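Being a predicted model, the structure only gives us computed values, none of them experimental. The figures that follow rest on heavy atoms only: side chains count, while hydrogens, waters and symmetry mates do not.
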Amino acid sequence: MGKDKRIKAAYTRIPPNIEIMDSTLRDGEQTSGVSFLPHEKLMIARMLLGDINVDRIEVGSAHVSVGEADAVRSICRYARQADMLERVEVLGFVDGNESVDWISGCGCEVMNLLAKGSLRHCKAQLHKTPDAHIADILATLAYARSRHVGVNLYLEDWSNGMKDSPEYVFELLDAMVGMGIKRVMLPDTLGILNPLQVVEYMRKMVKRYPDTHFDFHAHNDYDLAVSNSLAAVLAGARGLHVTVNGLGERCGNAPLASVQVILKDQFDAKTGIREERLNDVSLLVEGYSGIAVAPNQPIVGENVFTQVAGVHADGDSKAGLYCNALVPERFGRRREYALGKTSGKANIDLNLQQLGLELTAEQTRLVTQRITELGDRKETVTQDDLPYIVSDVLKHNVPDDKVRLVGYMVSLARGLKPTAGVKIEINGNRYEATAMGDGQYDAFVKALRKIYEGLLSREFPLLENYSVTIPPGGRTDALVQTVITWRINGRVVKTRALDADQTEAAIKATLKMLNILEQDSYTVVKIKN
């Protein structure tokens with residue numbers, strides 16, 4: 001068979017629809033340092049089932065804790081009301097009746113039964129013969145049927161089982177045929193496989209058991225979880241297991257977003273995933289887990305839709321020369337063009353256009369020169385800083401800031417809440433307010449909120465995120481950089497500032513935000529209609 005025919009034959013083996021089972025709430029929670037509260041599990045489950053539309057979710061393990069039981073019960077209550085209970089699954093064990101009773105008692109109707117998928121695990125961990133382990137599995141299956149609990153079968157350490165003891169794997173599965181198992185789930189528990197091995201082993205499973213629904217469950221120890229998942233689909237797997245942001249034990253599992261886009265773009269495989277919400281669920285899980293997503297993480301990383309080189313921006317503006325199928329709008333995001341020493345005129349032009357600012361060629365040259373200077377000093381420049389750089393560079397006929405901090409006072413005393421007093425000038429009018437808060441900066445913001453909402457009857461922007469870091473190239477005893485994320489009139493704006501004092505830097509960043517709010521135009525630029 002020629003190469004083209006082999007490729008075509010491989011593609012024809014792809015099932016028309018691939019089931020996606022998300023295990024963020026079970027396997028993902030095995031990430032070191034991650035423990036979701038019951039209400040956090042419920043919020044993630046609701047988004048995965050309702051907004052993302054994964055086919056199934058694995059939400060916990062039997063017997064783990066009282067909190068685990070509370071979380072499973074709340075998720076099952078929600079799923080039952082939404083007519084999605086059959087899509088909720090819980091990991092159970094070959095322990096007689098205990099796991100079945102625990103799962104059924106929580107209101108769940110599907111158990112993912114963990115059996116031993118390798119002879120070594122069967123003998124060394126259980127100290128049982130294959131016949132004894134098979135008998136125990138069948139007893140658990142029979143009891144699950146009596147409690148009306150459906151069963152999917154996990155073959156733990158299946159990858160080593162196929163490498164070292166395939167006859168054991170087949171003996172076990174031969175005994176399970178006709179026993180009412182919905183799916184057989186094949187984990188690469190230790191993340192040892194490569195794509196060629198996955199294809200070989202999965203084909204053997206599909207050939208021997210053609211009527212069985214097989215899921216593949218990848219781990220990322222060799223950074224092959226996504227590749228192995230796709231290899232499993234090419235070899236006939238009907239379902240894949242993923243986690244949001246690739247959470248999971250050790251190096252994690254296959255990331256939901258990456259698996260989805262490669263299935264769709266590279267293999268024309270169909271899933272029910274709503275791609276426009278992938279970034280939302282990534283942010284939700286990032287917040288609850290405390291595990292930051294790398295800026296260059298495909299699809300959901302902060303920088304993945306940011307072009308840095310000026311030549312890329314130039315190509316995009318002319319014919320989309322540096323764009324691929326992963327357009328940001330597909331995921332509810334937008335393309336950005338970084339501002340730094342490699343930006344060039346094209347990057348500056350595109351950022352100005354996105355802000356609705358129009359400069360002359362000479363003005364753009366001067367602004368580009370200043371941004372290059374800042375980049376050489378390793379200073380971070382964002383699109384939201386651009387109007388201020390324009391204002392700073394083109395000093396002639398530049399009006400004063402419309403919002404000026406006339407004075408402020410913050411106090412901190414033991415046993416008392418921090419207090420802030422603020423005097424601020426907005427469009428030439430002065431206002432004062434005082435407030436208490438949970439910290440000095442919190443008190444400062446609450447005082448501002450009193451002015452905007454109480455005295456001016458205006459909406460004050462929502463603070464979404466606050467971070468303090470040492471600026472790029474900085475030292476621990478030098479300046480700090482405060483970056484604050486705001487939601488202003490439906491758009492997200494980041495402002496940042498540098499200072500030796502953290503609170504002062506935060507206040508400077510806040511003043512930038514207030515001026516963005518007030519300054520709808522600059523005399524040195526013309527706003528496009």
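- Across every non-hydrogen atom of Leu119 and Ser165, the tightest pair is N-OG, 3.2 Å.
- Results of the side-chain contact (heavy atoms from CB on, under 4.5 Å) test with Asp22 over Leu48, Val59, Leu240 single out Leu48 as the only residue that passes.
- Rounding to the nearest 0.5 angstrom, the gap separating the NZ atom in Lys116 from the CD1 atom in Ile134 is 14.5 Å.
- Ionic pairing of Asp157 and Lys163 is not present here: no N-O contact between side-chain nitrogen and carboxylate oxygen is shorter than 4.0 angstrom.
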Worked verdict on Asp174 versus Tyr209 for side chain to side chain donor-acceptor pair (under 3.5 Å): CA-CA 9 Å; Asp174 287 347; Tyr209 310 101; 2.7 Å; yes
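- Judged purely by atom type and a 3.5 angstrom limit, Asn152 uses its side chain to pair as donor or acceptor with the backbone of Arg183.
- Judged by distance alone, the side chains of Thr495 and Trp486 do bring a donor and an acceptor atom under 3.5 Å apart.
- A 4.5 Å side-chain heavy-atom check between Phe331 and Arg277 finds every atom pair outside the cut-off.
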What's the verdict on side chain to side chain contact (heavy atoms under 4.5 Å, CB included) for Ser118 and Asp164, showing C-alpha distance, side-chain angles and the deciding distance? CA-CA 8 Å; Ser118 69; Asp164 304 328; over 6 Å; no
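- Of the possible polar contacts, one joining the Arg145 side chain to the Met179 backbone as a donor-acceptor pair under 3.5 Å is found.
- Contact of the Ile192 side chain with the Asp221 side chain is not registered, since no non-hydrogen atoms from C-beta on lie closer than 4.5 Å.
- A salt bridge links Lys128 with Asp136: the closest approach of a Lys/Arg side-chain nitrogen to an acidic carboxylate oxygen falls below 4.0 angstrom.
- Heavy atoms only, all atoms of each residue included: Gly272 and Asn53 are closest at O-ND2, 2.9 Å.
- Stacking of Arg208 on the aromatic ring of Phe170 is recorded, both the 6.0 Å distance cut-off and the 45° axial limit being met.
- Ser61 and Glu68 share no side-chain donor-acceptor pair at under 3.5 Å.
- A side-chain donor-acceptor contact under 3.5 Å links Ser23 to the backbone of Asp27.
- With respect to the salt-bridge test (charged N to carboxylate O, under 4.0 angstrom), the residues Arg147 and Asp101 qualify.
- Ring centroids of His133 and Tyr168 are separated by 6.0 Å or more, keeping the two rings apart.
- Within 6.0 Å of the CZ atom in Arg120, the count of heavy atoms belonging to other residues, nucleotides or ligands does not exceed 12.
- Of all non-hydrogen atoms in Val244 and Ser282, the two that sit nearest each other are CG1-CA, 3.8 Å.
- Side chain of Arg203 to main chain of Gly236: no donor-acceptor pair is present (N/O by atom type, distance under 3.5 Å, no hydrogens or angles).
- In this structure the side chain of Met111 never reaches within 4.5 angstrom of the side chain of Glu89, judged on heavy atoms.
- Between atom CD1 of residue Ile299 and atom CG of residue Leu326 there is a gap of 4.5 Å, rounded to the nearest 0.5 Å.
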Take Met185 and His217 through the test side chain to side chain contact (heavy atoms under 4.5 Å, CB included) and record every step on the way to the result. CA-CA 7 Å; Met185 307 195 293; His217 179 108; 5.9 Å; no
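- For the residue pair Glu58 / Tyr154, a side-chain donor-acceptor distance below 3.5 Å is found, with atom types taken as modelled.
- In plain terms, the two heavy atoms of Lys41 and Ala71 that are nearest each other are CD-CB, 3.7 Å.
- Between Leu138 and Val94, every side-chain heavy-atom pair lies at or beyond the 4.5 Å cut-off.
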If you apply the rule side chain to side chain contact (heavy atoms under 4.5 Å, CB included), what do you find for Ile52 with Glu275, and how did you get there? CA-CA 7 Å; Ile52 306 299; Glu275 295 181 337; over 6 Å; no
Please report the C-alpha distance between Glu29 and Thr24 in whole Å, then the side-chain angles of each, then the deciding distance to 0.1 Å, and finally whether the side chain to side chain donor-acceptor pair (under 3.5 Å) criterion is met. CA-CA 6 Å; Glu29 199 178 27; Thr24 303; over 6 Å; no
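- At distances below 3.5 Å, not a single donor-acceptor pair connects side-chain atoms of Thr212 with backbone N or O atoms of Phe214.
- In this structure, Ser104 contributes its side chain and Val100 its backbone to no donor-acceptor pair below 3.5 Å.
- Here the side chains of Leu186 and Met205 are in contact, with some heavy-atom distance below 4.5 Å.
- Using modelled atom types and a 3.5 Å distance limit, the side chains of Asp215 and His241 yield a donor-acceptor pair.
- Ser74 places no side-chain N or O within donor-acceptor distance of the main-chain N or O of Leu42, the cut-off being under 3.5 Å.
- Ring orientation note: the planes of Tyr466 and Tyr441 are tilted relative to one another, at an angle of 30° to 60°.
- When only modelled atom types and interatomic distance are considered, Asp188 and Ser159 share a side-chain donor-acceptor pair under 3.5 Å.
- Put simply, the side chain of Tyr78 reaches to within 4.5 Å of the side chain of Leu49, judged on heavy atoms.
- Judged by distance alone, the side chain of Asn253 and the main-chain N or O of His219 form no donor-acceptor pair under 3.5 Å.
- Residues Ser146 and Tyr143 share a closest heavy-atom pair of OG-O, 2.5 Å.
- Remark: Glu276 does not engage Arg330 in a salt bridge, criterion side-chain N to carboxylate O under 4.0 Å.
- At distances below 3.5 Å, at least one donor-acceptor pair connects side-chain atoms of Asp442 with backbone N or O atoms of Asp438.
- Atom CG of Leu172 is separated from atom CD of Glu167 by 12.0 Å, given to the nearest 0.5 angstrom.
- Annotation for Val300 and Ala257: closest pair CG1-CB, 4.1 Å, computed over non-hydrogen atoms.
- Here CE of Met84 is found 11.5 Å from SG of Cys76. Values are rounded to the nearest 0.5 Å.
- Between Glu86 and Lys182 there is no salt bridge, since no side-chain N of the basic residue sits under 4.0 Å from a carboxylate O of the acidic one.
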Verdict with supporting geometry, Arg238 and Glu19, salt bridge (Lys or Arg N to Asp or Glu O under 4.0 Å): CA-CA 6 Å; Arg238 299 186 197 175; Glu19 273 193 1; over 6 Å; no
Which is it for Glu464 and Val492 under the side chain to side chain contact (heavy atoms under 4.5 Å, CB included) test, yes or no, and what are the steps along the way? CA-CA 9 Å; Glu464 290 202 339; Val492 174; 4.2 Å; yes
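- By the 4.5 Å heavy-atom criterion applied to side chains, His127 and Lys123 are not counted as neighbours.
- Side-chain contact between Val281 and Asn245 is absent, with no heavy-atom pair separated by less than 4.5 Å.
- Side chain of Ser289 to backbone of Val285: a donor-acceptor contact under 3.5 angstrom is found.
- Going from atom CD1 of Ile75 over to atom NE2 of His39 covers 12.0 Å, rounded to the nearest 0.5 Å.
- Once rounded to the nearest 0.5 Å, the distance linking OH of Tyr288 with CE of Met43 reads 6.5 Å.
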